[in-house]
Amino acid sequence: LVSLLQDTAAAIKLLSPTTNVTATLQYELLSGTHDGTAQWDLLNALEPALDVVAITTYPSPHFNDPDAIPASYYAQLKQHTTKPVIIAESGWPTGGPAVYGGSEDKQERFLRKFVELTSDLDVEVWIWWFLHDWDGAGYPDFFKTMGLRTSDGRPKRSWATWQSLAARSPH
């Protein structure tokens with residue numbers, strides 16, 4: 001993976017020097033939150049070939065409440081890169097099994113807390129993966145409720161917060 005990315009990045013830069021190269025890593029695996037085994041060595045190996053570091057993050061399976069996420073949770077990333085960051089996927093459920101901490105209140109609080117938790121990072125783009133809840137097959141129940149709106153389009157509490165945060169964002 002590392003040599004493939006290095007070779008690909010070099011080929012891209014040869015043809016298009018201003019194209020930003022990135023690779024997306026799952027943050028809970030990267031930080032060791034998922035199983036206690038951090039994978040920072042992977043980011044350290046990939047980082048020199050990247051122009052931007054991209055992560056996906058879904059902390060609710062590991063922290064039942066957004067208030068339980070440590071203040072330094074995303075700051076760990078700064079120990080491994082000074083490059084801009086893309087939040088390529090993020091979310092907090094509003095339903096599903098209780099172990100995943102799903103509720104409209106917690107989703108809305110996570111949105112606000114996430115801004116605080118990432119304030120020391122140079123976040124260029126923040127993508128909330130699901131605009132609407134997923135009303136089909138293929139995802140676990142808690143993941144189907146990550147939307148900021150229901151599957152029929154009704155805004156959840158977090159929708160107004162998302163819009164307010166987006167309106168204030170310089171990006």
Side-chain angles (χ1 to χ4, degrees), residues 20 22-131 133 139-149 155-171:
N20 283 329
T22 193
T24 304
L25 303 168
Q26 208 295 316
Y27 192 75
E28 283 70 33
L29 294 173
L30 190 65
S31 66
T33 303
H34 179 69
D35 64 4
T37 304
Q39 298 178 18
W40 293 115
D41 56 331
L42 177 59
L43 176 58
N44 294 339
L46 294 174
E47 200 264 357
L50 304 177
D51 296 305
V52 181
V53 173
I55 62 168
T56 66
T57 183
Y58 295 97
S60 69
H62 311 288
F63 303 98
N64 194 266
D65 190 291
D67 294 334
I69 303 172
S72 63
Y73 188 64
Y74 294 105
Q76 299 173 76
L77 198 52
K78 286 186 76 164
Q79 297 170 17
H80 302 277
T81 188
T82 58
K83 294 183 177 171
V85 175
I86 293 173
I87 309 302
E89 286 185 36
S90 62
W92 192 281
T94 58
V99 69
Y100 295 111
S103 78
E104 286 199 35
D105 173 64
K106 289 179 183 180
Q107 184 184 64
E108 196 271 337
R109 286 190 291 121
F110 175 70
L111 280 169
R112 293 183 189 282
K113 177 129 183 165
F114 190 78
V115 173
E116 294 171 26
L117 294 172
T118 59
S119 65
D120 288 342
L121 299 175
D122 180 12
V123 176
E124 289 205 350
V125 176
W126 175 18
I127 299 169
W128 191 270
W129 189 242
F130 285 97
L131 174 59
D133 286 346
Y139 288 107
D141 286 343
F142 83 98
F143 211 72
K144 291 179 180 183
T145 67
M146 294 277 183
L148 301 173
R149 301 172 74 95
K156 296 181 186 179
R157 285 181 44 185
S158 53
W159 177 244
T161 301
W162 177 260
Q163 289 180 307
S164 173
L165 293 171
R168 293 186 297 191
S169 174
H171 304 291

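Computation of the quantities below employed the complete heavy-atom set of this structure, encompassing side-chain atoms and omitting hydrogens, waters and symmetry-equivalent molecules.
Listed by chain and residue number, Glu108, Leu111, Arg112, Leu165 satisfy the side-chain contact (heavy atoms from CB on, under 4.5 Å) test with Thr161 (two or more places apart in sequence, or in another chain). Taking Trp159 as the reference, Gln163 meet the side-chain hydrogen bond (donor to acceptor under 3.5 Å, both in side chains) condition, with sequence neighbours excluded. In this structure Phe143 satisfies the ring-ring contact (aromatic ring centres under 6.0 Å, His included) test together with Tyr58, Phe130, Tyr139, sequence neighbours excluded. Scored by the salt bridge (Lys or Arg N to Asp or Glu O under 4.0 Å) test, Lys113 finds no partners at all (sequence neighbours excluded). For Asp41, the side-chain contact (heavy atoms from CB on, under 4.5 Å) test picks out Gln39, with sequence neighbours left out. Qualifying side-chain hydrogen bond (donor to acceptor under 3.5 Å, both in side chains) partners for Lys106, counting only residues two or more places apart in sequence or in other chains: Asn64. Every side-chain hydrogen bond (donor to acceptor under 3.5 Å, both in side chains) that Ser90 has, sequence neighbours left out, goes to Trp126. Checked against side-chain contact (heavy atoms from CB on, under 4.5 Å), Glu116 has no partners two or more places apart in sequence or in another chain. Every residue was checked against the salt bridge (Lys or Arg N to Asp or Glu O under 4.0 Å) condition with Asp35, not counting sequence neighbours, and none meets it. With sequence neighbours excluded, no residue forms a side-chain hydrogen bond (donor to acceptor under 3.5 Å, both in side chains) with Asp141. Partners of Tyr100 by ring-ring contact (aromatic ring centres under 6.0 Å, His included), not counting sequence neighbours, listed by chain and number: Phe142. Remark: Asp120 engages Lys78 in a side-chain contact (heavy atoms from CB on, under 4.5 Å) (not counting sequence neighbours).
Checking Thr57 against Glu28 by side-chain atom types alone, a donor-acceptor pair falls below 3.5 Å.
Distance CD/Glu124 to OG1/Thr22: 10.0 Å, rounded to 0.5 Å. We find the CG-CD distance between Leu148 and Gln107 to be 5.5 Å, quoted to the nearest 0.5 Å. Remark: Ser103 OG to Arg157 CZ distance equals 8.0 Å, nearest 0.5 Å. Between Phe63 atom CZ and Asp65 atom CG the span is 11.5 Å, to the nearest 0.5 Å. Atom OG1 of Thr94 sits about 11.5 Å away from atom CG of Asp105, to the nearest 0.5 Å. Distance check, rounded to the nearest 0.5 Å: CD1 of Ile69 to CZ of Arg109 gives 10.0 Å.
Taking the side chain as every heavy atom from C-beta outward, Leu29 and Leu25 never approach each other to under 4.5 Å. Phe114 is not listed as a side-chain neighbour of Tyr73, based on a closest heavy-atom distance of 4.5 Å or more. In this structure the side chain of His80 never reaches within 4.5 angstrom of the side chain of Glu47, judged on heavy atoms. Using a 4.5 Å cut-off on side-chain heavy atoms (C-beta onward), Gln26 and Thr56 make contact. Phe110 has its side chain out of reach of Ser158: every pair of non-hydrogen atoms, C-beta onward, lies at least 4.5 Å apart. Contact annotation: the side chain of Ile55 never approaches that of Ile86 to less than 4.5 Å [non-hydrogen atoms, C-beta and beyond]. No side-chain heavy atom of Leu77 sits less than 4.5 Å from a side-chain heavy atom of Thr118.
Between the side chain of Glu104 and the backbone N or O of Lys156, no donor-acceptor pair lies under 3.5 Å. Side-chain N or O atoms of Trp92 include one that pairs as donor or acceptor with a backbone N or O of Gly101 at under 3.5 Å. Thr24 contributes no side-chain N or O that, together with a main-chain N or O of Ala54, makes up a donor-acceptor pair within less than 3.5 Å.
The number of heavy atoms from other shown groups lying within 6.0 Å of CH2 (Trp129) does not exceed 12. Within 6.0 Å of atom NE2 in His62, more than 12 heavy atoms from other residues, nucleotides or ligands are found, so the atom counts as buried in its surroundings.
Counting all heavy atoms, side chain and backbone alike, Pro93 lies closest to Ser60 at CD-OG, 3.1 Å. Nearest heavy-atom pair across Met146 and Gly91 is SD-C, 3.5 Å.
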